[in-house]
Amino acid sequence: MVAATTGVHGGSSSAGHARSDVEEILDALGTHRDREVLVHADRRWTAGEVADTVHRLAHTLDGRVRPGTIVALLAGNTPEVLMARWAVNLLGAGATQPHDGLSAAAQARIVDDVDADLVLTQSPHAVDVLERARPVEARALVPDLLAAAADAPATPIHGRTHAGDVATIRHTGGTTGHPKGITYTFGHHARAATIHRTLSRLAAESARLLVATPIAHAGGGLADRILAGGGTVVLQDRFDAGDFLAAVERERITHTWLLPPLMYRLLDHPALDRTDLSSLRTVIYGGAPANARRMAEAHRRIGPVFTQFYGQTEAGGISVLTPAEHDRPDLLATVGRVVPSTEIAIIDAGGSPAGTGECGELWVRTGTEMDGYWKQPELTAGTIVDGWVRTGDVARLDASGYLHLVDRVKDMVVVVGGHVYTAELEDTLMEHPGVRQAAVFGAPDGDGTEAVHATVVPGSPAPSADDLAGLVAQRAGDMYVPRAIRFVEELPLTGIGKTDKKRLRAELTG
Ligand code: AMP
């Protein structure tokens, strides 16, 4: 699908110019050139510096970067890389930035898969990645590119973006098999920006956003929106609970985005109660199931600043639980109400619409779904059917119109007598006050079936495995009792901050 509608194989689509996010950001930067807009470590950039640098980079790359081609960025959360991405997009080319936390082999597969015309690097791992990838003739170090750009003019370059050309390819995972490249065109960016403007109150000039998760994931999209709204973005290389809290206080952060496992690390950090978090206005969280008890704790200790967002890179935005709804503990177990621009259908195992309160796979129509998986038309056709995206999430809608997620279809564990929803079982384990975090997953069970396993981060006093097995048996029944419960100090996280269940499974199976 993507290959047919875009200039994937060289050459640009003939569709008309689409005003891009970058042009919106550059316009906003042009309004007050002296204000601070980007902060990273001890560097601070004004709007004027950023706008000029983007144009200088675009002049320097002009001719080497053509509309309809793809540039790979091997780098972490730096202002230079954001600016390089904007310059690439301004010239009409697409950008992909594999998560810096992926192995060199996985990043190399992504560089190969997108047929990158140019690779820009600013990561210590980039040499390893390029050694493993197919030879790429055109490559440049971002610092060298910036040095060359210093002599280029800062005169504005008019955007060369075409609606049908690829703007962004985002890879989820990518550790095995063919990497799944979720592709958005410039036309998609324009549509998403319009929907975003009507739905969100993020675009405030006084907003100061802290991004401590990879800019290659949701944090980067939020950074773009905040900058287009006239706000400031503070970047951290990676999430560290202590550094995060210190930055909120020092930088008077108003907005941030967190995945629930990262939120729990903040709640369990000794500095939380002595940190001044009074500047925070909006903490958006999502990307993985959030536990109601821990979110009630966050609301009580940090304040009425939380908005839960449920969405998917493939599908776009699906539902929201507002700050006011966080006052109702019963609603914290839900992912809120479906946003007005999204339609949903819950389809049961037999392919029919599920009734109120019944579980099934969630299908959604958002208007901002991806344009397709990069070079995988069959996978795309199986995921987007008649404009509906199959989310792969198991959900139910209650009688009050609140959406509940119970699991990923792929994570559900089929056991004798039924199936176990891992996310639900995690919540059951976390009902025990001595459990800080829980991860439940299926692992092969010798006889060809799967058994349920749990890994738990205990609080104090710590429960025993028998205590937890007893709780599960009482609440959910013997069928749900995990085969084994392990205790660990910290759950492993993926590069973007989700619990890494693949790794937990691998540790178990060797
Ligand atoms: P990603 O494409 O990385 O953003 O991951 C999307 C997936 O994360 C969804 O399909 C859900 O399984 C999960 N997810 C996202 N937001 C939430 C949320 N608020 N609560 C529970 N799971 C979520």
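Each ligand, and each atom within it, is numbered from 1 in the order the structure gives. All heavy atoms count here, side chains included; hydrogens, waters and symmetry mates do not. For this chain, numbers begin at 1 and follow the sequence in order. In this text, all values refer to a predicted model and were calculated from it rather than measured experimentally.
A salt bridge links Asp224 and Arg85; the closest N-O separation between the charged side-chain nitrogens and carboxylate oxygens is under 4.0 Å.
Proximity of Ala423 to ligand 1, defined as any heavy-atom pair under 4.0 Å, is not found for any part of the residue. The proximity of Phe309 to ligand 1, defined as any non-hydrogen pair under 4.0 Å, is limited to the backbone.
Using cut-offs of 30° and 60° for the angle between ring planes, the Phe306 and Tyr285 rings count as perpendicular. Using cut-offs of 30° and 60° for the angle between ring planes, the Phe244 and Phe239 rings count as tilted.
Nearest protein heavy-atom neighbour of atom 23 (C) of ligand 1: Ala288 N, 3.5 Å. Here the protein heavy atom with the shortest distance to atom 12 (O) of ligand 1 is Asp393 OD1, 2.7 Å. For atom 7 (C) of ligand 1, the nearest non-hydrogen atom of the protein is Lys498 NZ, 3.8 Å.
If you check each of Gly317, Ser319, Gly287, Pro289 against atom 16 (N) of ligand 1, the one with the closest non-hydrogen atom is Gly287.
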>> side chain to side chain contact (heavy atoms under 4.5 Å, CB included) for Lys375 and Asp113? Distances and angles first, verdict last.
In response: CA-CA 9 Å; Lys375 291 203 288 196; Asp113 190 48; 4.1 Å; yes
> Would His419 and Tyr421 count as a ring pair (Phe, Tyr, Trp, His ring centres under 6.0 Å) if you check the C-alpha gap in whole Å, the side-chain angles of each, and the deciding distance to 0.1 Å?
Replying inline: CA-CA 7 Å; His419 39 244; Tyr421 294 131; 5.4 Å; yes
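Listed by atom number, the atoms of ligand 1 under 4.0 Å from Leu405 heavy atoms are 21 (C), 22 (N). Numbered from 1 in the order shown, with element, the atoms of ligand 1 that lie under 4.0 Å from a heavy atom of His217 read 1 (P), 3 (O), 4 (O). For ligand 1 and Gln308, the ligand atoms under 4.0 Å from any heavy atom of the residue are 18 (C), 19 (N), 20 (N). Near Gln312, with a cut-off below 4.0 Å to any heavy atom, the atoms of ligand 1 are 2 (O), 6 (C), 10 (O). Taking every heavy atom of Thr313 and a limit of under 4.0 angstrom, the matching atoms of ligand 1 come to 1 (P), 2 (O), 3 (O), 4 (O).
Thr366 OG1 to Trp388 CH2: the interatomic distance, rounded to the nearest 0.5 Å, is 10.5 Å.
Within the 4.5 Å cutoff, no side-chain heavy atoms of Arg281 are placed close to those of Val305.
Checked by distance only, ligand 1 and Tyr285 stay at 3.5 Å or farther apart across all their nitrogen or oxygen atoms.
Contact annotation: Gly311 has at least one heavy atom less than 4.0 Å from an atom of ligand 1.
Judged by a 6.0 Å distance limit and a 45° cone about the ring axis, Arg170 is not positioned over the six-membered ring of Tyr184.
Inspection of the Asn89 and Ser20 side chains reveals no N or O donor paired with an N or O acceptor under 3.5 Å.
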